[in-house]
There are 2 protein chains.
Amino acid sequence: MATLNDVAKLANVSKMTVSRVINHPEKVTDDLKQLVYQAMREIDYHPNVAAKALVNNSTRIIKFCVLEDIDTTEPYYMNLMIGIARALDAQQYSLQLVTRRNFDIGNCDGYVVTGMRKDDFEWVGKLKKPLVIFGENRFGFDYVDTNNKAGTFMISNLALKRGYKRLIFIGMDSRESFEYSREAGYLQLLQENQMLPEIHRFDNHSHLSQKFVVDNWDKFEPDTCFICASDRLALGAERAIESCGGLIPKDYGVTGFDGVFLNQVAFPQITTVKQAIVEMGMACGDRLLDKIMNHVDSAGSLMFEPQISMGGTIRDAAK
Amino acid sequence: MATLNDVAKLANVSKMTVSRVINHPEKVTDDLKQLVYQAMREIDYHPNVAAKALVNNSTRIIKFCVLEDIDTTEPYYMNLMIGIARALDAQQYSLQLVTRRNFDIGNCDGYVVTGMRKDDFEWVGKLKKPLVIFGENRFGFDYVDTNNKAGTFMISNLALKRGYKRLIFIGMDSRESFEYSREAGYLQLLQENQMLPEIHRFDNHSHLSQKFVVDNWDKFEPDTCFICASDRLALGAERAIESCGGLIPKDYGVTGFDGVFLNQVAFPQITTVKQAIVEMGMACGDRLLDKIMNHVDSAGSLMFEPQISMGGTIRDAAK
DNA sequence: ATTTTGGATGTTACCGATAACATTATTTTG
DNA sequence: CAAAATAATGTTATCGGTAACATCCAAAAT
């Protein structure tokens, strides 16, 4: 591998000049810069990351920590990682996947943490290095997330516009911030339209929502739409309605939230709130690098506006 | 952070002795070793990875490349990564997630590649660094994988023992090695029992297997079991049978292959071939590090014996 | 007793980059 | 036009380790 020195010799300048061309180009004359660029291209120079890390007393490693049990996880996190990795790669940082278990092994320059529950915040607050959290929180940590409230508001609104008369919210039985926000979007829409909210909560498993809908089937007249806080819950509702002989989307609607993977096993596809996960991952990476490189304490949070992914579980137009 | 030097001073020896205690302990007397260990503990010494990397002309980075389109991917890879990362962490290596797109950015010491199709092998063959592939192949590359053939053999055998008379294989329409192996396991069992094999192939989407079963429902008498090459295909078959009024597992059986995630949205849970994915990831990592550290060209391949995960889509005992 | 040998430890140079300082060339200023 | 300020480039020391070589000293061989 070509080194700074090789470039310097070829361009007939000192190492320092080459280093400056890279890090402080404004301090080098254009003539020399051209020479150096030329030489770099000629021998395909790539800086040695380890040497850089050594002088800067950094590691160029970012730890990505998923606190949630990964077995129960959707490919969500994979896409998120792709996004983070993409942002980091561009700056020659590398991403290290850790769990609670091996969190402390080895050093790093910063963290992206996700899957946090309320109990985790105390622990995370003790981290000394720059940090970005994926997933909204109300503890003052910088985060990146989808605008959860806007998502359920939008999709509830869509259901209403398409003529469903009764909107039932099937939420996740967890006291986490994102769940509150999703419920809040639903509640706001119902309030604005002076409708009566109905919220039911279950653990995030399709068979629980399925059982609920089946068990209460006689109470659900046509023109009911189930606004679900996750695609899993939506999938359960969809299956329940079909097994009870309800017609989707003609008489019954179902909406989900996530829009990543489950849709590939649902039929008809669920109309859902789709999140730009790769982009959010990139945002996590960019924000974190920004904090690291500019020694900023807090960079603020970022909400991505969600989009609705049209499936076949909401009718095309009002009857 | 404490350095070698700090330890040396505290133990009243030279840097070199400390370094030797770490890398060539047999060359240091026990007395000194004790002193050094004591000092290391006292100031909580952790070697600086960047400095190590610099002298060894290494990066301590392993690239993990998923060639398959990740959007269509199950959480499979997430678990695999956890395993790889676990193995690498123990040796202070870090894992970098790359795609084809950013594959060439930055240096590394070795690769774990997965999701390879036949066309990819030429390209992969050109890689200069140590390599381990996740997923069986017939091109001579070292790999780690589940014993696919044994998996379908075992589960087909189970279906037979539980009294299903007709075993239909629903495979993936791909000419990849793992698919051939899964079919081979099925074929072998049928041959040994002098039964007539029936193989149908579809792209790996649940609605395709679903449609197939629905469309041909009148041809499937009770006591038929569908041996599927993936959980997705199994899920489709399961839904089809239910929608046609078939009874699972009493009259119809369904088996899958993978056993990671889909089971969380299937009801009843699919009886499937379960793979030890985290362990396989660790094996990938360990083998790769072994190749790197011992400068071995080929370390041979490794097959993990699969296990059957009992769900509710195969009956408990023969009728 | 003296030389030889070999094991244990220390010294030095180096990996590839950068910051801080030193030097040189150029421009500005009194 | 000389002195001072400024800009452009080079030199040196350093980050935290390790390999290669140098030194030292006790045991073995002569």
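Note that the coordinates shown come from a computational prediction; the quantities given were computed from them, not determined experimentally. Residue numbers start from 1 in every chain, and the chains themselves are labelled A, B, ... in the order their sequence lines are given, proteins ahead of strands. Quick note: numbers below take in every heavy atom, side chains included, and nothing from hydrogens, waters or symmetry partners.
- Between Ser14(B) and dG10(C) there is a side-chain N or O to OP1 or OP2 distance below 4.0 Å.
- Ion pairing between Asp30(A) and Lys33(A) holds under the 4.0 Å rule for side-chain N and carboxylate O.
- Counting only residues at least two apart or in different chains, salt bridge (charged side-chain N to carboxylate O under 4.0 Å, His left out) contacts with residues 130-150 of chain B comprise Glu136(B)-Arg138(B), Asp142(B)-Lys291(B).
- In this structure, Gln307(B) places its CD atom where only 12 or fewer heavy-atom neighbours from other residues, nucleotides or ligands lie under 6.0 Å away.
- Here the OH-CD1 distance, from Tyr93(B) to Ile292(B), works out to 5.0 Å after rounding to the nearest 0.5 Å.
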Would you tabulate the nitrogen or oxygen pairs shorter than 3.5 Å linking the protein to nucleotides 19-25 of chain C?
none

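- Ion pairing of Arg117(A) with Asp120(A) is absent here, as no side-chain N (NZ or NE/NH1/NH2) approaches a carboxylate O to less than 4.0 Å.
- With hydrogens and angles ignored, the 3.5 Å screen pairs no side-chain donor or acceptor of Arg60(A) with any backbone N or O of Val49(A).
- The local environment of NZ in Lys118(A) is crowded, with over 12 non-hydrogen atoms from other residues, nucleotides or ligands closer than 6.0 Å.
- At whole-Å resolution of the value, CG in Asn57(B) and C1' in dC15(C) are 8 Å apart.
- In this structure, NZ of Lys27(A) is placed 18 Å from C1' of dT26(C), rounded to the nearest angstrom.
- When the nearest nucleotides of DNA chain C are assigned to Ala50(A) and Thr17(B) by heavy-atom distance, the more 5′-ward of the two goes with Thr17(B).
- One can place CE of Met1(A) at 14 Å from C1' of dC15(C), the figure rounded to the nearest angstrom.
- Aromatic ring centres of Phe134(A) and Phe64(A): separated by at least 6.0 Å.
- A heavy atom lying under 4.0 Å from DNA chain D marks none of the residues of residues 28-41 of chain B.
- The distance from the CZ atom of Arg20(B) to the NZ atom of Lys15(B) is 12.5 Å, given to the nearest 0.5 Å.
- Put simply, NZ on Lys9(A) is 11 Å from P on dG16(C), counting in whole angstrom units.
- For the side chain to side chain donor-acceptor pair (under 3.5 Å) test, no residue two or more places apart in sequence or in another chain qualifies with Lys52(A).
- For Gln275(B) against Asp258(B), the heavy-atom pair with the smallest separation is NE2-OD1, 2.9 Å.
- With a 6.0 Å radius and a threshold of 12 heavy atoms from other residues, nucleotides or ligands, Asn294(B) has its CG atom above the threshold.
- Where DNA chain D meets chain B (any atom under 4.0 Å from a heavy atom), the bounding nucleotides read 5' to 3' are dG16(D) to dA20(D).
- Five base pairs at each end of the helix from dA1(C)-dT30(D) to dG30(C)-dC1(D) define two local axes, and these are offset by 60° (rounded to 10°).
- With no hydrogens or angles considered, no side-chain donor-acceptor pair links Gln38(B) and Gln34(B) at under 3.5 Å.
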